[in-house]
Every structure is written in C-alpha cells, then in structure tokens.
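Before any comments, here is the structure.
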2 protein chains.
Amino acid sequence: MRPKRLDSKSGCAVEVTLSVIGGLWKPVILFHLMHEKKRFMELTRLLPNTTQRMLTLQLRELEADGIVARHVYPQVPPKVEYELTPFGKTLAPVLISLRQWGESYQAQRASDIAPIQEVSKPTTTRRRRTNTAGHVA
Amino acid sequence: MRPKRLDSKSGCAVEVTLSVIGGLWKPVILFHLMHEKKRFMELTRLLPNTTQRMLTLQLRELEADGIVARHVYPQVPPKVEYELTPFGKTLAPVLISLRQWGESYQAQRASDIAPIQEVSKPTTTRRRRTNTAGHVA
DNA sequence: CAGAATCCCGTAAGATACTG
DNA sequence: CAGTATCTTACGGGATTCTG
C-alpha cells in the first residue's frame with residue numbers, strides 16, 4: 001500500500017493525507033486509538049497479523065506526524081501508552097468518510113454478479129484483493 | 001504506497017477504500033478524471049513522473065473496481081478514453097475530505113518550528129517523507 | 001496511440017532472536 | 001512489557017523495447 005512514500009507534488013493534497021494514514025496498518029491503529037488510548041501490547045493483540053516491528057514503525061511514523069502521542073511510564077515492567085493527539089482527532093471525519101465509502105463499495109460488490117471482472121482481460125493473472133495469505137489484517 | 005493489498009478483515013472498511021484509492025498514482029488519476037474524461041496520452045502528460053506501464057496497471061485496477069470506464073474507439077491510430085463511472089463519482093466527497101485534511105496538515109506542519117521531529121529518537125535514521133529521488137509525482 | 005513483454009532493482013515488510 | 005537488531009525475501013515499481 002501500500003501506499004508508498006508520496007510527496008506533495010502534483011498539486012493534490014490528497015496524497016499528503018494518504019501518506020499519513022495510508023500506511024499498511026495505520027488505519028486499523030487509528031481506528032482503535034480513536035476510541036481510547038491503548039498500550040503497546042494491547043495493540044499487538046488487536047492486530048494479530050502484524051509484527052511488533054511493523055507496529056513500532058507505524059506508530060513512530062504516526063508520532064512523527066503529530067497524530068499520536070506516546071506516553072512512557074518509567075516503571076518496571078515498562079508501560080507505554082499511545083493516544084491520539086488533538087490534531088490526530090481531526091482525522092476522525094476523514095476516517096469516517098473512508099469507512100462509509102468502503103461499506104458502500106462492499107455493498108456494490110456484493111450486489112453485482114461479478115460482471116466487471118472480465119473487462120479488458122490482461123495477460124497477467126488478475127489478482128483481486130481477495131488475499132489468501134494472511135499478511136494482512 | 002503503498003498502500004499495499006488489503007483485505008476487509010479487522011472490521012474496518014477504511015482499508016477497503018484505501019485499497020481502492022490508495023494506489024500510488026490513483027489519487028492523481030482520479031483527481032484528473034473527476035473533472036472530465038481523458039484519453040491515455042493526456043494522462044501520461046498529466047502525470048509526467050509515471051510510466052505508461054504504471055498508468056496502465058493503475059487504470060486497470062480502477063476499472064476492475066468499477067471506478068473508471070474504459071472506452072475504446074476502434075480507429076487507427078487507436079483512441080482510448082477513460083472516465084469515471086457513476087459509482088466512481090461517489091468517491092468525490094471522499095477525495096475532497098482527504099484533500100481538505102491534507103491541506104490542514106500542511107498548514108499545521110508549516111506553523112510549527114518542527115518541534116515534533118526529535119521525539120523519541122530511534123536508532124535508525126529517521127527518514128521524513130521529504131523524498132529526494134523523484135520517483136514520485 | 002495505447003499498450004504488452006521483459007528485465008531489473010530497491011525497499012517494504014515478514015520471521016526470528018535478543019534486551020533493558 | 002516494549003521494544004531493537006539482523007537477516008531474508010517478495011513484489012512494487014522503473015526503464016526499455018516491441019507491436020497492432
């Protein structure tokens with residue numbers, strides 16, 4: 001998805017937003033943090049298909065983007081909590097918008113008897129986003 | 001980006017939308033097609049930093065997702081036009097939402113004197129999304 | 001003009017092990 | 001518990017060439 005790294009050229013600020021929320025696990029992370037703060041281990045459980053590494057990386061990016069705040073409690077055992085910043089919370093309507101369209105897309109997909117599948121068939125086998133291997137959550 | 005391939009698990013339809021519009025060039029393509037239909041060569045000119053290959057691939061995916069329609073005029077030289085389907089046009093508010101937040105993000109970024117940069121410094125050198133190499137449009 | 005076919009490469013991301 | 005460190009692999013994407 002990923003969306004890869006984008007910059008703000010092409011005169012379209014859409015890409016900027018996508019570069020922030022478009023990470024592979026970020027939508028899900030944000031989705032969970034939207035409701036309440038979570039600590040690291042909770043997130044790993046909420047995203048069983050990712051690795052700690054990925055989770056850390058994505059959280060660090062979100063932190064660097066000013067979306068989430070990271071609170072370290074100097075305890076033993078350590079405790080770290082992540083929560084949305086006020087600015088991060090301004091993403092809510094965007095996420096909701098995305099979510100709604102996603103649902104309408106699913107409805108649309110469910111209703112048609114897959115007539116669109118065979119349009120202008122390519123030579124390479126068309127992989128729909130029905131993933132088999134579970135590298136995705 | 002990319003966004004990569006996502007499926008609809010994790011109970012979050014946001015990913016579905018991102019899997020549709022999250023392609024590396026899709027936002028820009030959609031942005032241009034939002035206004036009017038374009039033919040292939042026009043799009044290559046509008047996206048100077050991509051290749052025909054990428055453009056074709058992205059367009060094919062959008063087509064398979066029912067977002068764009070592909071009209072082939074059996075002429076010589078050939079002529080192919082792409083336009084949004086009615087369903088594709090329902091993406092407009094989503095794109096606008098994304099665009100607006102992207103702008104507010106840029107404003108936010110511009111206003112702070114980069115104090116967020118050094119939070120919880122990692123060992124690996126933090127690469128911000130300030131791309132140097134121009135594989136991005 | 002609108003692609004398809006090939007070749008090639010960098011990096012995102014998975015798996016695993018280790019640590020304060 | 002909350003991460004790093006390291007290795008490895010897959011595949012997204014670039015460049016180039018060929019064709020109806």
Side-chain angles (χ1 to χ4, degrees), chain A residues 1-6 19 22-26 28-29 37-61 63 68 70-82 119-127 129 131-137, chain B residues 1-6 19 22-26 28 37-61 63 68 70-82 120-127 129 131-137:
Chain A
M1 151 157 308
R2 12 180 2 291
K4 301 290 163 180
R5 288 288 149 262
L6 309 154
S19 74
L24 192 42
W25 307 102
K26 289 180 187 175
V28 206
I29 294 172
K37 61 173 61 169
K38 299 281 182 191
R39 47 191 303 189
F40 188 81
M41 185 46 77
E42 292 185 89
L43 287 173
T44 68
R45 272 192 290 266
L46 289 167
L47 290 84
N49 292 323
T50 194
T51 58
Q52 289 157 328
R53 188 182 113 87
M54 275 301 104
L55 198 48
T56 303
L57 290 174
Q58 302 273 298
L59 283 168
R60 288 294 194 282
E61 287 191 18
E63 188 191 4
V68 307
R70 180 168 176 264
H71 301 293
V72 183
Y73 298 83
Q75 301 177 353
V76 62
K79 174 178 174 183
V80 178
E81 282 184 340
Y82 293 90
V119 279
S120 68
K121 54 184 66 173
T123 6
T124 54
T125 51
R126 172 79 51 85
R127 291 172 300 103
R129 52 196 91 280
N131 267 325
T132 47
H135 73 294
V136 185
Chain B
M1 160 188 11
R2 239 163 336 20
K4 301 291 162 173
R5 289 289 148 261
L6 308 154
S19 75
L24 192 42
W25 307 103
K26 289 178 185 174
V28 205
K37 62 173 62 171
K38 300 280 181 189
R39 49 190 301 189
F40 189 82
M41 186 44 80
E42 291 185 90
L43 286 173
T44 68
R45 272 191 290 266
L46 290 168
L47 289 82
N49 292 324
T50 193
T51 58
Q52 294 112 334
R53 185 180 116 86
M54 275 300 102
L55 200 50
T56 303
L57 290 175
Q58 303 272 306
L59 284 167
R60 287 294 193 281
E61 288 191 17
E63 188 190 4
V68 307
R70 180 168 175 266
H71 301 292
V72 183
Y73 298 83
Q75 302 176 353
V76 61
K79 173 179 175 182
V80 178
E81 282 184 340
Y82 293 90
S120 69
K121 54 184 65 172
T123 6
T124 53
T125 51
R126 171 82 50 83
R127 289 174 301 101
R129 55 194 86 281
N131 268 324
T132 46
H135 71 295
V136 184

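Residues A:Val68 and A:Tyr82 approach most closely at CG2-CD2, 4.5 Å, considering heavy atoms. Scanning all heavy atoms of the two residues, the minimum distance from A:Thr50 to A:Leu55 falls at OG1-N, 4.2 Å. In plain terms, the two heavy atoms of B:Arg70 and B:Val80 that are nearest each other are CG-CG1, 3.8 Å.
Under the 4.5 Å side-chain criterion, counting only non-hydrogen atoms from C-beta, B:Gln52 is in contact with B:Phe40. Between A:Met54 and A:Leu24 there is no side-chain heavy-atom pair separated by less than 4.5 Å. When side chains are defined from C-beta on, B:Met41 counts as touching B:Thr44, because their heavy atoms get closer than 4.5 Å. Under the 4.5 Å side-chain criterion, counting only non-hydrogen atoms from C-beta, B:Leu43 is in contact with B:Leu59.
Summarising the geometry, the separation between CD on B:Gln75 and P on C:dG3 is reported as 13 Å, rounded to the nearest angstrom. Between A:Leu46 atom CG and D:dA2 atom P there is a gap of 12 Å when expressed in whole angstrom units. One atom, CZ of A:Phe40, and another, P of C:dG20, lie 18 Å apart when rounded to the nearest Å. In this structure, A:Leu57 places its CG atom 10 Å from P of C:dG14, rounding to the nearest Å. In this structure, CG of B:Leu55 is placed 9 Å from P of C:dG3, rounded to the nearest angstrom. Going from atom NZ of A:Lys38 over to atom P of D:dA2 covers 13 Å, rounded to whole Å. Taking atom CD of B:Glu42 as the reference point, atom C1' of C:dC1 lies 12 Å away to the nearest angstrom. Atom pair B:Leu24:CG and D:dC11:P shows a separation of 18 Å (rounding to whole Å applied).
Within the 4.0 angstrom heavy-atom criterion, no nucleotide atom of any strand lies near A:Tyr73.
Axis angle between the ends of the helix from C:dC1-D:dG20 to C:dG20-D:dC1, five pairs each and rounded to 10 degrees, works out to 50°.
Looking at the side chain of A:Arg60, the nearest of the listed nucleotides C:dA2, D:dT4, C:dA13 is D:dT4. Side-chain atoms of B:Trp25 lie closest to D:dG14 of the nucleotides D:dA2, D:dG14, C:dG3. Closest to the side chain of A:Val80, out of D:dC1, D:dG20, D:dG3, is D:dG3. In the set C:dG3, D:dG3, C:dC1, the nucleotide with an atom closest to the side chain of B:Thr56 is C:dG3. Comparing C:dG3, D:dC1, D:dT4 by their closest approach to the side chain of A:Arg39 singles out D:dC1. Side-chain proximity of A:Met54 to D:dA2, C:dG14, D:dG3: nearest is C:dG14. Among C:dA15, C:dC1, D:dT4, the nucleotide with an atom closest to any side-chain atom of A:Thr51 is C:dA15. Minimum atom distance to the side chain of A:Gln52 is reached by D:dT4, of the listed C:dG3, D:dT4, D:dC1.
When atom types are taken as modelled, the side chain of B:Glu61 and the backbone of B:Gln58 share no donor-acceptor pair closer than 3.5 angstrom.
Between B:Arg70 and C:dG3 there is a side-chain N or O to OP1 or OP2 distance below 4.0 Å.
Side chain A:Arg53 to base D:dA5: no donor-acceptor pair is found below 3.5 Å.
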